[in-house]
Amino acid sequence: MKLLIIGGVAGGATAAARARRLNEDAEIILFERGEYISFANCGLPYYIGDVIKERKSLLVTTVADFQKRYAIDIRVFTEVTAIDRKSREVEVKNLQTGETYRESYDKIILSPGAEPFKPPIEGIDLDNIYNLRNIPDSDRIKQFVDEKKPKSAVVVGGGFIGLEMAENLAFRGVKTAIIEKLDQVMPSLDFEMASFMSAHLKEKGVECILGDGIRAFSKNGDGLTLHTENGKKMDCDMAILSIGVTPENRLARKAGLEIGKRGGVKVSATMQTSDPDIYAVGDAVEVTDYITGLNAMTALAGPANKQGRIAADNVMGRRSIFRGTLGTSVVKLFDLTVASTGANERFLKANDIPFLASYTHSGSHASYYPGAEMMAIKLFFSPSSGKVLGAQIIGKDGVDKRIDVIATALHGSMTVYDLEELELAYAPPYSSAKDPVNIAGFVAANILKGDVKNINWNELIDMDPETDILIDFRNVDELKEAGKINGALHIPLPELRKRLSELDPEKNYIAFCAIGLRGYVGYRLMSQKGFKVKNLSGGYKTFLGAKAKIMAESPATQLWRAE
């Protein structure tokens with residue numbers, strides 16, 4: 001068996017190690033265009049920000065160590081330029097010497113990864129404009145920051161890398177702004193959840209310019225001027241491009257392998273391409289979305305590692321399958337942790353998948369134990385079966401734990417009723433007797449059982465101010481501290497029973513409080529007394545996250561304005 005692995009890092013290096021463990025006698029050659037076969041690319045922004053002090057910490061393993069452990073022929077600074085499927089050979093170029101040669105194969109595992117998307121923007125190749133994909137990229141950026149000590153930077157794109165770079169440049173004392181063409185940062189989240197991130201960035205001194213793209217770059221002395229599509233000009237010392245990535249499919253396309261609609265290499269559940277002797281893994285492949293069965297692409301290290309292992313299994317005769325991706329992710333943004341798993345609302349709507357959504361706000365641990373922090377959870381579930389479809393969580397502490405629980409529930413095809421019953425670890429410093437995941441399950445199950453009729457923030461846009469009345473159950477001091485919604489009727493929940501006579505049974509009431517619990521309690525009281533009422537899911541806190549969009553789209557903007 002002669003196995004060629006084209007590309008290292010998460011997918012390729014994992015495949016190489018697994019293949020050797022399964023077959024000590026196989027000839028295994030790993031080709032890598034760069035210098036490093038396995039490095040922590042997710043750690044690159046933190047190295048630039050001096051959070052990770054030692055560059056060597058980014059190296060998962062060295063070429064010498066990998067060769068010693070696994071007896072694999074590793075050829076760095078070497079590019080495979082073509083695959084001749086008929087003769088079962090590849091064309092190889094040594095990037096240092098220019099030498100070209102051919103290498104035969106029995107099987108191939110492709111792991112070319114993805115490359116930064118580089119749109120045809122005027123001036124995009126000017127100095128001081130950087131991408132961040134690998135260690136040499138991080139070296140260039142860090143050297144510029146260390147030596148030139150820039151005072152200002154613009155990050156173009158508000159995805160994972162863009163947000164992490166904004167945070168780490170701010171750590172280095174660089175005044176940083178983010179320009180994002182969408183109306184929100186973090187495209188994997190829904191608008192009202194992402195708005196918490198924008199607000200937090202503003203608190204930390206990072207400007208967010210949303211709904212605007214870059215039209216051109218121009219030179220400005222030793223710095224740059226950015227010209228936006230909306231006519232704005234911004235001067236800065238450096239710019240980081242984080243506009244997204246595209247799968248590196250050139251080699252596969254040239255070899256005649258089948259390419260999917262999203263541009264990724266099409267693979268089966270065994271990671272096999274349209275050629276039975278060629279497998280592909282990582283950011284360059286199209287796989288199956290675990291929840292829906294639809295095609296998906298996920299540029300995440302976790303799935304790439306798993307796929308590398310699975311491809312090696314199948315190459316070496318051990319059947320193994322990749323069951324699909326959930327897209328589970330987490331990102332640190334200053335004091336916030338932001339995580340998601342499964343489908344988001346845009347995806348569900350775009351693919352006509354029936355769903356319901358609920359919002360909950362829960363403490364990271366028992367409120368009486370010092371240091372509890374609130375986290376916001378948006379949960380998606382099937383209206384018929386209650387099957388969990390996805391979740392988004394934002395908070396300061398304990399977010400990663402809860403998203404992992406829900407990701408596990410998704411993988412197990414569990415329902416919101418299962419979330420209610422999960423027995424999760426509890427002690428006051430770590431959780432509450434009713435964990436935030438349990439609370440999310442309770443609220444979702446209440447909807448399905450008919451115990452509450454919820455209304456989500458986006459439905460407020462179509463409310464009629466003549467017939468629909470917001471009723472606020474918070475206390476007076478909360479209104480003074482947190483603000484209120486203009487036009488809302490205010491009755492503190494403890495006074496509701498005595499003041500029912502003030503309400504009009506012909507009107508439609510929308511009950512809310514700070515986070516939804518008192519709104520639910522008030523809903524139960526009013527509904528049993530014959531009033532037409534719904535509960536605003538997630539309460540005033542979720543409303544604040546969506547306020548900008550409600551104000552922009554609602555004809556009744558005066559009614560819904562928060563003061």
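In this model, a donor atom of one side chain and an acceptor atom of the other lie less than 3.5 Å apart for Ser431 and Arg402. For the residue pair Asn314 and Gln272, no side-chain donor N or O sits within less than 3.5 Å of a side-chain acceptor on the partner.
Using cut-offs of 30° and 60° for the angle between ring planes, the Phe66 and Tyr70 rings count as tilted.
Aromatic pair Phe171/Phe334: centroids less than 6.0 angstrom apart.
Counting heavy atoms of neighbouring residues, nucleotides and ligands inside a 6.0 Å radius, atom CD of Glu423 does not exceed 12 of them. Within a 6.0 Å radius of NZ in Lys332, more than 12 heavy atoms belonging to other residues, nucleotides or ligands are found. By the neighbour-count criterion of 12 heavy atoms within 6.0 Å, atom NZ of Lys401 is densely surrounded, having more than that number from other residues, nucleotides or ligands. The neighbour count for Lys219 NZ, taken as heavy atoms of other residues, nucleotides or ligands under 6.0 Å away, is above 12. The local environment of CZ in Arg88 is crowded, with over 12 non-hydrogen atoms from other residues, nucleotides or ligands closer than 6.0 Å.
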Discussion item. Run Arg102 and Glu89 through salt bridge (Lys or Arg N to Asp or Glu O under 4.0 Å) and show every step you take.
Written reply: CA-CA 6 Å; Arg102 295 173 73 89; Glu89 292 181 329; 2.7 Å; yes
Worksheet item: Checking salt bridge (Lys or Arg N to Asp or Glu O under 4.0 Å) for the pair Glu99/Arg75: CA distance, chi angles, key distance, verdict?
Response: CA-CA 13 Å; Glu99 174 196 3; Arg75 304 179 190 179; over 6 Å; no
Fill in: Pair Leu333-Phe196, side chain to side chain contact (heavy atoms under 4.5 Å, CB included): steps then yes or no
CA-CA 11 Å; Leu333 185 65; Phe196 291 117; over 6 Å; no
Worksheet item: Between Met186 and Met193, is a side chain to side chain contact (heavy atoms under 4.5 Å, CB included) present by the stated rule, with each step listed?
Response: CA-CA 9 Å; Met186 191 56 79; Met193 301 296 280; over 6 Å; no
Discussion item. Set out, in order, the CA-CA distance, both residues' side-chain angles and the distance that settles side chain to side chain donor-acceptor pair (under 3.5 Å) for Ser104 and Lys2, then state yes or no.
Written reply: CA-CA 8 Å; Ser104 64; Lys2 185 175 182 179; 3.1 Å; yes
Worksheet item: Passes side chain to side chain contact (heavy atoms under 4.5 Å, CB included), Glu32 versus Ile74? Steps please.
Response: CA-CA 8 Å; Glu32 169 56 49; Ile74 299 174; 5.8 Å; no
Practice prompt. Dump the intermediate steps for side chain to side chain contact (heavy atoms under 4.5 Å, CB included) on Met316 and Leu3, then the final yes or no.
Written response: CA-CA 9 Å; Met316 295 303 171; Leu3 169 63; 4.1 Å; yes
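Taking all atoms of both residues into account, the shortest heavy-atom contact from Phe117 to Pro119 is O-CD, 3.5 Å. Taking each heavy atom of Met375 and Pro436 in turn, the nearest pair found is SD-CB, 4.1 Å. Of all heavy-atom pairs between Leu95 and Glu79, the closest is CD2-OE1, 3.8 Å. Between Asp190 and Asn344, the shortest heavy-atom distance links the atoms OD1-CB, 3.7 Å. Considering every non-hydrogen atom in both Pro247 and Gly263, the closest pair reads CG-O, 3.3 Å. Residues Ala311 and Val281 share a closest heavy-atom pair of CB-CG1, 3.7 Å.
Looking at heavy atoms from C-beta onward, Leu257 lies in side-chain contact with Arg85 at the 4.5 angstrom threshold. You'll find the side chain of Cys208 stays beyond 4.5 Å of the side chain of Lys202, heavy atoms only. Counting heavy atoms from C-beta on, the side chains of Phe347 and Ile353 come closer than 4.5 Å. Residues Leu326 and Ile291 are in side-chain contact: their nearest non-hydrogen atoms beyond the backbone lie under 4.5 Å apart. Residues Ile243 and Lys181 are not in side-chain contact: their nearest non-hydrogen atoms beyond the backbone lie 4.5 Å or more apart. Side chains of Asn128 and Phe217 form no contact here, defined as non-hydrogen atoms less than 4.5 Å apart. Residues Met1 and Val315 meet the side-chain proximity criterion, which asks for heavy atoms closer than 4.5 Å. At least one side-chain heavy atom of Asp335 sits under 4.5 Å from a side-chain heavy atom of His200.
Here the CD1-CE distance, from Ile129 to Met238, works out to 10.5 Å after rounding to the nearest 0.5 Å. In this structure, OH in Tyr279 is found 5.0 Å from NZ in Lys107, a value given to the nearest 0.5 Å. With values rounded to the nearest 0.5 angstrom, Thr337 atom OG1 is found 10.0 Å from Ile394 atom CD1. Atoms CG and CG, from Leu44 and Leu132 in turn, are 5.0 Å apart once rounded to the nearest 0.5 Å. Between atom OG of residue Ser198 and atom CZ of residue Phe191 there is a gap of 7.5 Å, rounded to the nearest 0.5 Å. The CE atom of Met234 lies 8.0 Å from the CD1 atom of Ile214; values are rounded to the nearest 0.5 Å.
Using a 4.0 Å cut-off between charged nitrogen and carboxylate oxygen, Lys148 and Asp237 do not count as a salt-bridge pair. The pair Lys254-Glu91 does not count as a salt bridge, with every side-chain nitrogen at least 4.0 angstrom from each carboxylate oxygen.
Screening Ile108, Leu110, Val90 for a side-chain contact (heavy atoms from CB on, under 4.5 Å) with Val80, the sole residue that qualifies is Val90. Here the rule is salt bridge (charged side-chain N to carboxylate O under 4.0 Å, His left out) with Asp146, and of Arg172, Arg55, Arg140 only Arg172 fits it.
Distance alone, capped at 3.5 Å, is enough to place a donor-acceptor pair between the Thr273 side chain and the Ile278 backbone. At distances below 3.5 Å, at least one donor-acceptor pair connects side-chain atoms of Asp137 with backbone N or O atoms of Arg133. No donor-acceptor pair closer than 3.5 Å links the side chain of Asp289 to the backbone N or O of Leu294. Side-chain atoms of Arg309 never come within 3.5 Å of backbone atoms of Ala17 as a donor-acceptor pair (strictly under, hydrogens ignored). A donor-acceptor contact shorter than 3.5 Å links the side chain of Asp418 to the backbone of Thr415. Within the 3.5 Å criterion, the main-chain N or O of Pro45 finds no donor-acceptor partner in the side chain of Glu164. Put simply, the side chain of Arg253 never gets that close to the backbone of Ile259: no donor and acceptor are under 3.5 Å apart. Using modelled atom types, no side-chain atom of Thr270 and backbone atom of Ser268 make a donor-acceptor pair closer than 3.5 Å. Listed for the Ser274 side chain is a donor-acceptor partner under 3.5 Å among the backbone atoms of Glu258. The main-chain N or O of Gly158 is found under 3.5 Å from a side-chain atom of Glu180 such that the two form a donor-acceptor pair.
Under the rule for a ring pair (Phe, Tyr, Trp, His ring centres under 6.0 Å), the partners of Phe144 that lie at least two apart in sequence or sit in another chain are Tyr130.
Note that Lys142 lies in the cation-pi zone of Tyr47, set by a 6.0 Å cut-off to the ring centre and a 45° limit from the axis.
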